[in-house]
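Scroll down for the structure; my scribbles are underneath it.
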Amino acid sequence: MAVVLDAGSGFVPLSYDLLREGGIEEVVVLFTHYHHDHTQGLFLSPLIFMKNMGLRLVGPLQNGVDPKQMLEDLMRPPYFPVHHREVDSHIVCKGLEFPKTWLGLFHPQGGGRLMEVDAYEKLLLKGRFLPIGKGQYPVSECLVVTMRIANHPEQTITYRFEERPTKKTFVLLTDHENQSGLPLDVQKHLQNADVIFMDAQYNDATYQKRTSGFGHGTPRYCVRVAKQVGAKRLGLTHHDPNAKDTDVDAILAEARTEPGSEDLDVFLCADYQEIDV
Ligand SMILES: [Zn+2]
Ligand SMILES: [Zn+2]
């Protein structure tokens with residue numbers, strides 16, 4: 001099983017990589033939201049046409065749209081030549097009206113499942129084994145994924161991944177703007193992360209002049225947040241589609257002007273990049 005965050009253009013080469021590697025029978029896509037830059041790769045991926053590949057789509061439910069509705073809206077003529085009805089036999093969708101009441105549990109042998117936080121906590125009180133797939137597995141062997149809502153024109157889910165055996169933690173906080181301060185529950189969600197990927201689309205000058213309210217962050221804001229929550233590493237992402245390499249380099253340079261950035265490992269996220277958390 002592979003767990004993927006969003007299905008933008010990078011989902012297409014990733015899909016081919018997964019097929020080349022082999023041994024994967026199910027791909028879980030956790031959507032932050034359904035803006036086009038986060039969904040278009042889904043329809044261009046070979047995975048969606050492979051009946052023997054399980055595809056599980058999870059995302060927020062908002063304005064009546066969940067992953068199933070997104071599929072129905074976007075995958076049909078005249079927007080796309082193949083109708084979703086022709087492929088949906090191997091696709092399972094789940095919309096989350098209140099994302100923070102859910103968590104994802106993934107186990108190397110058991111596979112994955114979503115569970116309500118209340119039910120999870122009750123099971124933990126009884127013992128440390130959780131039903132995942134056809135078996136029972138200890139949470140200490142799981143990847144545990146929790147969710148919070150982040151601020152964007154649409155509500156965006158930020159996902160936190162905790163790999164319990166190694167205690168390594170990764171958070172994706174993209175399509176996010178909150179210059180006036182993070183809500184407490186999101187602060188907690190980011191606390192002590194080993195790696196955070198954050199939205200740093202605009203430099204301060206552009207943000208002040210033109211893009212405040214667009215739902216994206218700035219590099220210095222990202223550094224402030226990473227410092228506040230005690231993160232070890234910060235990956236700047238959601239680069240502006242019009243940015244040249246030099247513009248993106250300037251985003252990193254601007255991040256490094258924020259006081260306190262000296263003792264934070266700040267880097268630019270790049271296509272096809274692999275990092276160890
Ligand atoms: Zn967006
Ligand atoms: Zn976006």
Side-chain angles (χ1 to χ4, degrees), residues 3-11 28-43 56-75 91-104 114-118 120 144-162 169-191 193 196-202 207 211-218 221-222 224-226 228-229 231 235-241 269:
V3 182
V4 181
L5 282 161
D6 281 335
S9 55
F11 190 64
V28 180
V29 185
L30 304 175
F31 285 97
T32 57
H33 63 313
Y34 310 113
H35 282 169
H36 290 308
D37 51 325
H38 299 254
T39 56
Q40 295 281 297
L42 185 64
F43 313 106
R56 210 183 313 182
L57 311 180
V58 178
L61 166 65
Q62 49 182 305
N63 302 340
V65 175
D66 61 4
K68 185 166 190 298
Q69 190 61 50
M70 178 267 294
L71 206 59
E72 290 180 8
D73 288 345
L74 299 180
M75 195 173 186
I91 302 174
V92 176
C93 295
K94 176 73 180 168
L96 306 174
E97 189 173 4
F98 303 106
K100 75 175 181 184
T101 65
W102 289 88
L103 50 77
L114 284 172
M115 186 181 269
E116 287 189 271
V117 173
D118 283 353
Y120 167 79
V144 180
V145 182
T146 50
M147 310 164 206
R148 290 291 179 274
I149 293 292
N151 185 48
H152 196 50
E154 265 58 59
Q155 290 190 333
T156 306
I157 298 182
T158 161
Y159 292 95
R160 177 184 176 103
F161 292 75
E162 293 180 17
T169 304
F170 164 73
V171 184
L172 176 68
L173 178 58
T174 191
D175 296 69
H176 165 72
E177 174 180 13
N178 210 334
Q179 302 279 341
S180 55
L182 285 174
L184 273 179
D185 68 328
V186 180
Q187 272 181 46
K188 207 172 149 205
H189 180 75
L190 297 168
Q191 205 66 41
I196 302 178
F197 281 4
M198 264 186 89
D199 182 325
Q201 181 162 342
Y202 300 119
Y207 183 85
T211 62
S212 163
F214 281 20
H216 296 287
T218 64
Y221 166 70
C222 293
R224 284 197 293 279
V225 169
Q228 182 186 2
V229 301
L236 303 175
T237 190
H238 211 288
H239 307 309
D240 192 300
C269 297

* To do: Locate the shortest heavy-atom distance separating C222 from L236; write the atom from each residue and the value.
  => CB-CD2, 3.8 Å

* Asked: Does any non-hydrogen side-chain atom of L190 lie less than 4.5 Å from one of L182?
  -> yes

* Decide ring-ring contact (aromatic ring centres under 6.0 Å, His included) for Y207 and F214; before the verdict, give the C-alpha distance in whole Å, the side-chain angles of both, and the deciding distance to 0.1 Å. => CA-CA 9 Å; Y207 183 85; F214 281 20; 8.9 Å; no

* **Polar side-chain atom of Y34 near backbone of P60 as donor-acceptor pair, under 3.5 Å** => yes

* Ring centres under 6.0 angstrom apart (H33, H176) -> no

* For L5 against F170, the heavy-atom pair lying closest together -> CD1-CE2, 3.9 Å

* Any donor-acceptor pair under 3.5 Å linking the side chain of E97 with the backbone of L61? -> no

* To do: Rounded to the nearest 0.5 Å, what's the gap from CG on D118 to CG on L103? Could you check?
  => 10.0 Å

* **Heavy-atom side-chain proximity of T146 to H189 below 4.5 angstrom** => yes

* Whether H152 and H216 hold their rings parallel, tilted or perpendicular, with breakpoints at 30° and 60° -> perpendicular

* To do: Could you walk me through whether Y221 and E177 pass the side chain to side chain contact (heavy atoms under 4.5 Å, CB included) test, one step at a time?
  => CA-CA 9 Å; Y221 166 70; E177 174 180 13; over 6 Å; no

* Applying side chain to side chain contact (heavy atoms under 4.5 Å, CB included), run through H36 and L74 and close with a yes or a no. => CA-CA 10 Å; H36 290 308; L74 299 180; 4.2 Å; yes

* To do: Taking the side chain as every heavy atom from C-beta outward, state whether I196 and V229 have any atom pair closer than 4.5 Å.
  => yes

* Mark yes or no for whether D66, through its side chain, and K68, through its backbone, hold a donor-acceptor pair below 3.5 Å. => yes

* Asked: Minimum heavy-atom separation for T174 to T237, with atom names?
  -> OG1-CG2, 4.3 Å

* Asked: Backbone N or O of K188 within a donor-acceptor pair of the R148 side chain at under 3.5 Å?
  -> no

* **Considering all heavy atoms, the nearest F31-H38 contact** => CE2-O, 3.4 Å

* Structure fact -> Checking T32, T156, T158, D199 against L172 for side-chain contact (heavy atoms from CB on, under 4.5 Å), the one that qualifies is T32

* Is a side-chain donor or acceptor of D240 paired with a backbone partner of Q201 at a separation under 3.5 angstrom? -> no

* Give, for atom OH of Y159 and atom CG of L30, the distance between the pair rounded to the nearest 0.5 Å. => 5.0 Å

* Asked: Between D6 and F11, is any pair of side-chain heavy atoms under 4.5 Å apart?
  -> no

* Would you check, one step at a time, whether the test side chain to side chain contact (heavy atoms under 4.5 Å, CB included) holds for I149 with F98? => CA-CA 9 Å; I149 293 292; F98 303 106; over 6 Å; no

* Asked: R224 versus Q179: any side-chain heavy-atom pair under 4.5 Å?
  -> yes

* So do L96 and V58 actually touch side chain to side chain, heavy atoms under 4.5 Å? -> yes

* Quick one: does N178's side chain get under 4.5 Å of P183's, heavy atoms only? -> yes

* Contact check, side chains of H238 and D37, non-hydrogen atoms, under 4.5 Å -> yes

* To do: Grab the two heavy atoms, one from M147 and one from W102, that are nearest each other, plus how far apart they are.
  => CE-O, 4.0 Å

* **Results of salt bridge (Lys or Arg N to Asp or Glu O under 4.0 Å) for K100 - residues two or more places apart only** => D185

* Structure fact -> Tightest non-hydrogen contact, residues G215 and P153, listed as CA-CD, 3.7 Å

